[in-house]
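The structure under discussion appears below in the form of structure tokens.
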Amino acid sequence: MTDPFVKPEDDTAADAIAEIGEELALFDDWMQRYQYIIELGRKLPPFPPAWQDDAHRVPGCQSQVWMEVQPRDDGALYLAGASDAAIVSGLVALLLRVYSGRSRQEILDTDPAFLRDLGLVQALSTNRGNGVEAMAQAIRKAAAAMPA
């Protein structure tokens with residue numbers, strides 16, 4: 001089975017947020033940015049079908065979203081995620097790029113306000129905007145529940 005957990009591409013969560021901002025700025029309008037986000041979702045590692053259940057479901061999302069959090073020996077939390085909607089899969093990919101492979105403290109210190117700062121929440125429908133914020137909160141809640 002392919003490892004479903006996302007490995008960090010960037011050194012820190014702040015670096016990931018800056019890179020995402022630069023990548024989104026390459027596009028002239030939100031339709032192009034949506035296409036880019038959808039492509040990110042297509043590149044997510046396969047999410048095990050056995051995890052597509054209520055125990056892994058993220059509440060507060062219009063679409064179905066599932067996530068799994070796994071602490072590793074290096075002290076970092078690794079995240080896997082999926083959605084049944086293309087744009088939402090892309091939003092999952094963005095969040096996992098920021099948060100997966102980070103320490104508990106770095107996750108807690110990385111405020112999901114970056115979603116608004118990048119214009120993502122405002123560019124989405126109200127339900128999708130609320131959903132992406134719910135996903136970020138679920139990740140932070142999982143990190144807070146882990147031993148320090």
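The residues of the chain are indexed from 1 along the displayed sequence. Note that these values count all heavy atoms, side chains included, but never hydrogens, waters or copies made by symmetry.
Taking 4.0 Å as the cut-off between side-chain N and carboxylate O, Asp74 and Arg102 do not count as a salt-bridged pair.
Residues Pro71 and Arg104 have side chains not in contact (no heavy-atom distance under 4.5 Å, counting atoms from C-beta outward). In this structure, Ile87 and Arg128 have side chains that are in contact, with non-hydrogen atoms separated by less than 4.5 Å. Within the 4.5 Å cutoff, side-chain heavy atoms of Phe5 are placed close to those of Glu68. Between Cys61 and Trp66, every side-chain heavy-atom pair lies at or beyond the 4.5 Å cut-off. Two residues are said to be in side-chain contact when any heavy atoms from C-beta on lie closer than 4.5 Å; Val6 and Tyr78 fail this criterion. Put simply, the side chain of Tyr34 does not reach to within 4.5 Å of the side chain of Asp29, judged on heavy atoms. For the pair Ile20/Arg97, a side-chain contact is recorded, criterion being any heavy-atom separation below 4.5 Å from C-beta on. Here the side chains of His56 and Met67 are not in contact, with every heavy-atom distance at 4.5 Å or above.
A donor-acceptor pair is defined here as one N or O able to donate and one able to accept, closer than 3.5 Å; no such pair exists between the side chain of Asp10 and the backbone of Ala13.
Following chains of ILVMFWY side-chain contacts shorter than 4.5 Å, one can reach Leu95 starting from Leu24, so the two form part of one hydrophobic cluster. No continuous path of ILVMFWY side-chain contacts below 4.5 Å connects Ile37 to Phe47, so the two sit in separate hydrophobic clusters. Both Leu40 and Val121 sit in one connected hydrophobic cluster of ILVMFWY residues. Membership requires side-chain heavy atoms under 4.5 Å apart, directly or through other members.
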#### Entry: Audit row: Leu120, Leu94, side-chain contact (heavy atoms from CB on, under 4.5 Å) steps and yes/no
CA-CA 11 Å; Leu120 285 167; Leu94 281 177; 3.8 Å; yes

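Within the structure, salt bridge (charged side-chain N to carboxylate O under 4.0 Å, His left out) pairs that include any residue of residues 33-42 comprise Glu39-Arg42 (at least two apart or interchain). Applying the side-chain hydrogen bond (donor to acceptor under 3.5 Å, both in side chains) rule to pairs touching residues 83-93 yields nothing, sequence neighbours excluded.
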Run the side-chain donor-acceptor check on residues 130-148: report pairs under 3.5 Å with partners two or more places apart or on a different chain.
unit_1, atom_1, unit_2, atom_2, d
Asn130, ND2, Thr126, O, 3.4
Glu133, OE1, Arg116, NH2, 3.4
Glu133, OE2, Arg116, NE, 3.0
Glu133, OE2, Arg116, NH2, 3.2
Arg140, NH1, Ile107, O, 3.2
Arg140, NH1, Leu108, O, 2.8
Arg140, NH1, Thr110, O, 3.0

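The line from CG of Asp109 to OG1 of Thr12 is 11.5 Å long, rounded to the nearest 0.5 Å. Considering CG of Leu79 and NZ of Lys7, their distance stands at 11.5 Å, rounded to 0.5 Å.
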